[in-house]
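Only one structure is covered here, and it is reproduced in the block below.
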There are 2 protein chains.
Amino acid sequence: MCIYTNVTVTAFGALADPTRRRIVEALGAGERSVNDLVARVDIRQSGVSRHLRILHDAGFVTVRVEGQHRFYSLRPEPFLELAEWVSGYRTTWERRLDRLGRVVEGRSQARPTKREEPR
Amino acid sequence: MCIYTNVTVTAFGALADPTRRRIVEALGAGERSVNDLVARVDIRQSGVSRHLRILHDAGFVTVRVEGQHRFYSLRPEPFLELAEWVSGYRTTWERRLDRLGRVVEGRSQARPTKREEPR
DNA sequence: AGTGTATATACACATAAACGTATATTATAG
DNA sequence: CTATAATATACGTTTATGTGTATATACACT
């Protein structure tokens with residue numbers, strides 16, 4: 001039914017924490033080991049492992065085990081879902097988008113979608 | 001430098017709560033009064049007012065005061081910012097996107113994204 | 001075997017978040 | 001002016017979340 005209460009449920013929660021966003025940001029450049037991530041975030045290793053667990057449960061990361069190392073990397077699905085969710089409000093955020101002069105999506109410009117029915 | 005720690009900070013937190021997402025969903029169809037929203041969400045009016053305050057602080061909604069009524073409606077900016085944030089991971093989520101056969105952005109063709117189910 | 005390294009998990013704790021009840025505020029009706 | 005409706009806020013309580021320390025597990029090397 002509605003995409004809002006389905007997958008995105010955990011996605012927003014997972015990204016609500018700034019440390020987790022920093023981890024995701026670090027993983028944006030490619031896969032990283034846990035200690036590698038610890039070096040970039042100012043919490044202890046245990047905290048990073050916990051955050052990685054949360055991100056993993058939310059579908060944001062996969063692990064590639066190599067010996068005693070674990071390399072985490074981003075999974076595309078949650079980002080796709082987020083993009084879908086936001087695009088559901090496209091008419092909303094395109095209202096003012098025109099005067100900002102450009103479109104995020106890399107397309108040229110937006111159509112003047114005018115829809116507003118105050119119930 | 002990174003867009004992640006700027007505005008999106010509060011945005012994800014605001015959307016982390018399912019009730020707030022339901023409110024946002026309801027506002028997607030247009031502006032609504034507080035009591036109107038209370039009818040759609042199964043918490044009390046005080047809770048809805050609190051959520052609206054949080055959404056307002058996060059920039060998601062504006063108020064139009066009309067007599068004793070307050071009509072809340074969505075602001076486009078946070079959605080734009082979210083779209084920007086996600087598009088920063090475009091290379092990530094486009095990796096697997098092809099085999100899903102469609103693009104969220106509507107560039108390709110029909111997307112079975114059907115929503116608009118206020119409940 | 002034993003030692004060291006990489007990561008996860010258990011536990012305790014502190015803080016934050018969400019909720020309901022009750023109350024305050026403001027506007028409107030009578 | 002009083003009563004009522006619409007909304008916001010204060011307060012107390014419960015539950016969730018993030019953190020560190022300490023410990024466990026798994027591998028690697030000697």
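We use all heavy atoms of the structure for the numbers below, so side chains are in, but hydrogens, waters and symmetry mates are not. Chain naming here is simple, since letters A, B, ... match the order of the sequence lines and numbering starts at 1 in each. Everything quoted here is computed from the prediction, not taken from an experiment.
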Please report the C-alpha distance between B/Tyr72 and B/Val34 in whole Å, then the side-chain angles of each, then the deciding distance to 0.1 Å, and finally whether the side-chain contact (heavy atoms from CB on, under 4.5 Å) criterion is met. CA-CA 7 Å; B/Tyr72 284 85; B/Val34 180; 3.6 Å; yes
Could you please spell out the steps behind the side-chain contact (heavy atoms from CB on, under 4.5 Å) verdict for B/Phe12 and B/Leu82? CA-CA 9 Å; B/Phe12 286 119; B/Leu82 282 177; 3.6 Å; yes
The test is side-chain contact (heavy atoms from CB on, under 4.5 Å); show your working for B/Ile43 and B/Val38 and say whether it passes. CA-CA 7 Å; B/Ile43 62 171; B/Val38 171; over 6 Å; no
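In this structure, B/Arg21 contributes its side chain and B/Ala16 its backbone to a donor-acceptor pair below 3.5 Å.
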Close N or O pairs between protein and nucleotides 23-25 of chain C (under 3.5 Å):
none

Got a list of protein N/O to nucleotides 28-30 of chain C N/O distances below 3.5 Å?
none

Enumerate the protein-to-nucleotides 15-18 of chain C contacts in which both atoms are nitrogen or oxygen and the separation is below 3.5 Å.
| residue | atom | partner | partner atom | Å |
| --- | --- | --- | --- | --- |
| C/dA18 | OP1 | B/Asp17 | OD1 | 3.4 |
| C/dA18 | OP1 | B/Arg20 | NH2 | 3.1 |
| C/dA18 | OP2 | B/Arg20 | NH1 | 3.2 |

Please list, one pair per line, the donor and acceptor atoms closer than 3.5 Å that link side chains of residues 51-61 of chain B to other protein atoms, with sequence neighbours excluded.
| residue | atom | partner | partner atom | Å |
| --- | --- | --- | --- | --- |
| B/His51 | ND1 | B/Arg20 | NH1 | 3.1 |

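Considering A/His69, A/Arg70, A/Gln68, A/Arg64 as possible partners of A/Glu66, the one that fulfils the side-chain hydrogen bond (donor to acceptor under 3.5 Å, both in side chains) test is A/Arg64.
Atom OG1 of B/Thr62 and atom CZ of B/Phe71 lie 13.5 Å apart (nearest 0.5 Å). Taken from CG in B/Leu80 to OH in A/Tyr89, the straight-line distance is 16.0 Å, to the nearest 0.5 Å. Within the model, atoms CG of B/Asp17 and CZ of B/Arg50 stand 11.0 Å from one another, a figure rounded to the nearest 0.5 Å. Between the CZ atom in A/Phe79 and the CD atom in A/Glu84 there is a gap of 14.0 Å [rounded to 0.5 Å].
Applying the side chain to side chain donor-acceptor pair (under 3.5 Å) test to every pair with at least one member in residues 38-48 of chain A, sequence neighbours left out, gives these pairs: A/Asp36-A/Arg40, A/Gln45-A/Ser49.
Heavy atoms of A/Tyr72 sit under 4.0 angstrom from primed sugar atoms or phosphate atoms, though from no base atom.
Across every non-hydrogen atom of A/Leu37 and A/Ala26, the tightest pair is CD2-CB, 3.7 Å.
Protein chain B contacts DNA chain D from D/dA5 to D/dA10, reading 5' to 3' and using non-hydrogen atoms of the protein with a distance under 4.0 Å.
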